[in-house]
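Remember, predicted model here, so these are calculated numbers, not experimental data.
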Amino acid sequence: MTTQEIKQRYGIIGSSTSLNIAIDTARQVAPTDITVLITGESGVGKEVFPQIIHQLSSRKHGPYIAVNCGAIPEGTIDSELFGHEKGSFTGAHEARKGYFEVANGGTIFLDEVAELPLSTQVRLLRVLETGEFFKVGSSKALKTDVRVVAATNVNMAETIAKNKFREDLYYRLNTVPIHVPPLRNRKEDIYLLLRKFAADFADRYRMPAISLDSDARTMLEEYRWPGNIRQLKNITEQVSILESKKEISGKVLLNYIPSENGNQLPVLFKEQGSSSGEFSERDILYKVLFDMKKDLNDLRKLVMGIIQTEGNTNQLQEEQAGLIRKLYQSADREIPKTEGHVSILDREKFESAASDIEDYEEESLSLEVKEVELIRKALEKHKGKRKYAARELGISERTLYRKIKEYELT
């Protein structure tokens, strides 16, 4: 099967050299049983390559199982992958086959493989090297004949350096690497993808397909697309539904493309490059607080400067007056006013305001400590039962597992 035939069969749009190399590598390695590691950013379409490899291999009539390693809690991942015996742990009312046993003779795709716990990595390495594994709660070695294809969107060298992933397992998985390029490196493919998505949505919603003028097309190609193909598809759907005029100008498209000049502060609990795109309400709150902190630092400098100089009203510029208004609004105080300026308050009130700013800054910086304290209390209250602790905290069970791992609360 040629590269073009593979594209047609799996609906792959694009003609960039880097994409063709990735497809050709998958085509060449498919007939073998070599382990493959697929790398690339989130949203680039890594999940289609294991299917290509499986369907073009001698195992195509065998099982194909895709496992998202990041979506399975650490406490149950071994049971999911390797199975367990009856009574091996609380709730194991009967024996269960794991994915490696079920996929015998076929292919197993381990997505987000970097999220595997270290103990599970040891088990996986044994399977790759000997074809043997043990069920949870069993001492009997079982054999399996499974072709493993793994994928990750993180920098594996950094993950290994942080001792979060075994180096020997990495080299065992990375026998043949396939890198799926990000959308910003496939500029010639971006408009082709948009046209395909636009046609699909036009058919789905029974409306004319959108098209772009030259300015909009240039804007489309120059944008960095941090969410890659997934983000492009979402924006295409938004524009298709919300715009009545189907020829889209650059000015209109600008309303749908996020500004790259926005705040780039990291989310507190998730490293850059992790799968996701998952933001909890608490994560968003932290970003807002960090933004507020910068303003508060500026306000503190202004207030302390006024205290030291004991200036008069005429010395306050309009921007200083605006900052003082912001200070009192954030503290829910009434804002005293004069003609065009904020009136100078007495030294005692300024010192009180400065103290409030310092207290707020210390409180925002201690949010992480409070988070740890809340998690500990929830776990103690429910005697270590994470499902109920997560419910108590108002977060998902997977988010709780991630935060426990981040704070080393085991």
Side-chain angles (χ1 to χ4, degrees), residues 1-71 99 103 106-115 146-154 156 173-201 204 225-237 273 275-277:
M1 186 177 289
T2 65
T3 299
Q4 188 60 37
E5 290 172 337
I6 292 174
K7 289 181 181 179
Q8 293 176 354
R9 180 173 178 178
Y10 293 94
I12 300 174
I13 306 296
S15 57
S16 66
T17 302
S18 53
L19 177 64
N20 289 339
I21 290 174
I23 295 173
D24 192 55
T25 303
R27 180 180 61 81
Q28 292 182 62
V29 77
T32 72
D33 279 339
I34 294 176
T35 305
V36 178
L37 179 63
I38 303 168
T39 60
E41 298 177 6
S42 178
V44 296
K46 296 186 295 295
E47 64 280 354
V48 73
F49 286 86
Q51 298 176 35
I52 294 173
I53 293 171
H54 176 70
Q55 290 298 327
L56 298 183
S57 72
S58 59
R59 298 172 178 269
K60 64 182 179 180
H61 298 298
Y64 173 80
I65 297 179
V67 183
N68 188 329
C69 301
Y99 294 132
T107 304
I108 187 167
F109 170 43
L110 301 178
D111 196 10
E112 296 187 36
V113 70
E115 298 293 325
V146 174
R147 204 271 183 77
V148 175
V149 180
T152 182
N153 59 8
V154 305
M156 293 300 289
L173 289 171
N174 198 38
T175 306
V176 174
I178 295 177
H179 180 70
V180 185
L183 195 54
R184 61 180 170 273
N185 293 344
R186 300 170 48 193
K187 290 188 177 182
E188 63 270 37
D189 297 339
I190 296 176
Y191 188 58
L192 294 175
L193 285 163
L194 180 135
R195 289 178 58 187
K196 172 62 167 61
F197 295 147
D200 290 344
F201 293 131
R204 179 186 302 178
W225 297 106
N228 293 291
I229 297 174
R230 187 180 297 122
Q231 183 186 15
L232 175 61
K233 185 175 182 180
N234 289 344
I235 288 179
T236 305
E237 185 170 19
S275 60
S276 147

Can you check side-chain contact (heavy atoms from CB on, under 4.5 Å) on Thr107 and Ile53, steps first, answer last? CA-CA 9 Å; Thr107 304; Ile53 293 171; 5.8 Å; no
Decide yes or no for [X] and [Y]: does some side-chain heavy atom of the first lie under 4.5 Å from some side-chain heavy atom of the second?
X	Y	result
Arg59	Asp33	yes
Trp225	Ile235	yes
Ile52	Ile12	yes
Ile108	Val67	yes
Asp189	Ser15	yes
Thr152	Thr39	yes
Leu110	Val148	yes

For atom CZ of Arg195, decide whether the heavy atoms of other residues, nucleotides or ligands shown that lie under 6.0 angstrom number more than 12.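 No, the 6.0 Å shell around CZ holds no more than 12 heavy atoms from other groups.
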Any chance NZ of Lys233 has more than 12 other-residue heavy atoms, nucleotides or ligands included, within less than 6.0 Å?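 No - once you tally the heavy atoms of other residues, nucleotides and ligands closer than 6.0 Å, there are 12 at most.
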Nearest 0.5 Å, please: how far is CD in Glu115 from SG in Cys69?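 Rounded to the nearest 0.5 Å, the SG-CD separation comes out at 8.5 Å.
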Please report the interatomic distance CD(Gln28) to OG1(Thr25), rounded to the nearest 0.5 Å.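 Answer rounded to 0.5 Å: 6.0 Å.
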Taking only residues two or more places apart in sequence, or in another chain, which ones meet Gln51 in a side-chain hydrogen bond (donor to acceptor under 3.5 Å, both in side chains)?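 So Gln51 forms no side-chain hydrogen bond (donor to acceptor under 3.5 Å, both in side chains) with any residue.
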Taking side-chain hydrogen bond (donor to acceptor under 3.5 Å, both in side chains) as the test, write out the residues that go with Asn174, two or more places apart.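 Residues passing side-chain hydrogen bond (donor to acceptor under 3.5 Å, both in side chains) with Asn174: Tyr170.
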Looking only at atom types and distance, does a side-chain atom of [X] sit under 3.5 Å from a main-chain N or O of [Y], one as donor and one as acceptor?
X	Y	answer
Arg147	Thr35	no
Glu237	Asn234	no
Asn228	Glu41	no

Could you pull out all residues at least two apart from Tyr64 that satisfy ring-ring contact (aromatic ring centres under 6.0 Å, His included)?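 Tyr64 satisfies ring-ring contact (aromatic ring centres under 6.0 Å, His included) with His54 once adjacent residues are dropped.
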Nearest non-hydrogen partners of [X] and [Y], listed with the distance:
X	Y	value
Phe49	Ile178	CD2-CG2, 4.3 Å
Ile13	Leu19	O-CD2, 3.9 Å
Arg186	Ser18	CG-OG, 4.2 Å
Pro50	Ile38	CD-CD1, 3.6 Å
Pro177	Thr175	CD-O, 4.0 Å
Ile229	Leu183	N-CD2, 4.1 Å

Is there a side-chain contact (heavy atoms from CB on, under 4.5 Å) between Thr236 and Phe201? Walk through the geometry before answering. CA-CA 8 Å; Thr236 305; Phe201 293 131; 4.1 Å; yes
Pair Lys46 + Asp111, salt bridge at N-O below 4.0 Å: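 Judged by the 4.0 Å cut-off on N to carboxylate O distance, Lys46 and Asp111 do not form a salt bridge.
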Asp200 bridged to Lys196 by N-O distance under 4.0 Å: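 Salt bridge flag = yes for Lys196 with Asp200.
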Under 3.5 Å, is there a donor-acceptor pair linking the side chains of Ser42 and Arg230?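 Yes, because at least one side-chain N or O of Ser42 sits under 3.5 Å from a partner of the opposite role on Arg230.
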Can Asn20 and Thr3 be counted as having a side-chain donor-acceptor contact under 3.5 angstrom?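 On atom types as modelled, these side chains do not qualify, holding no pair under 3.5 Å.
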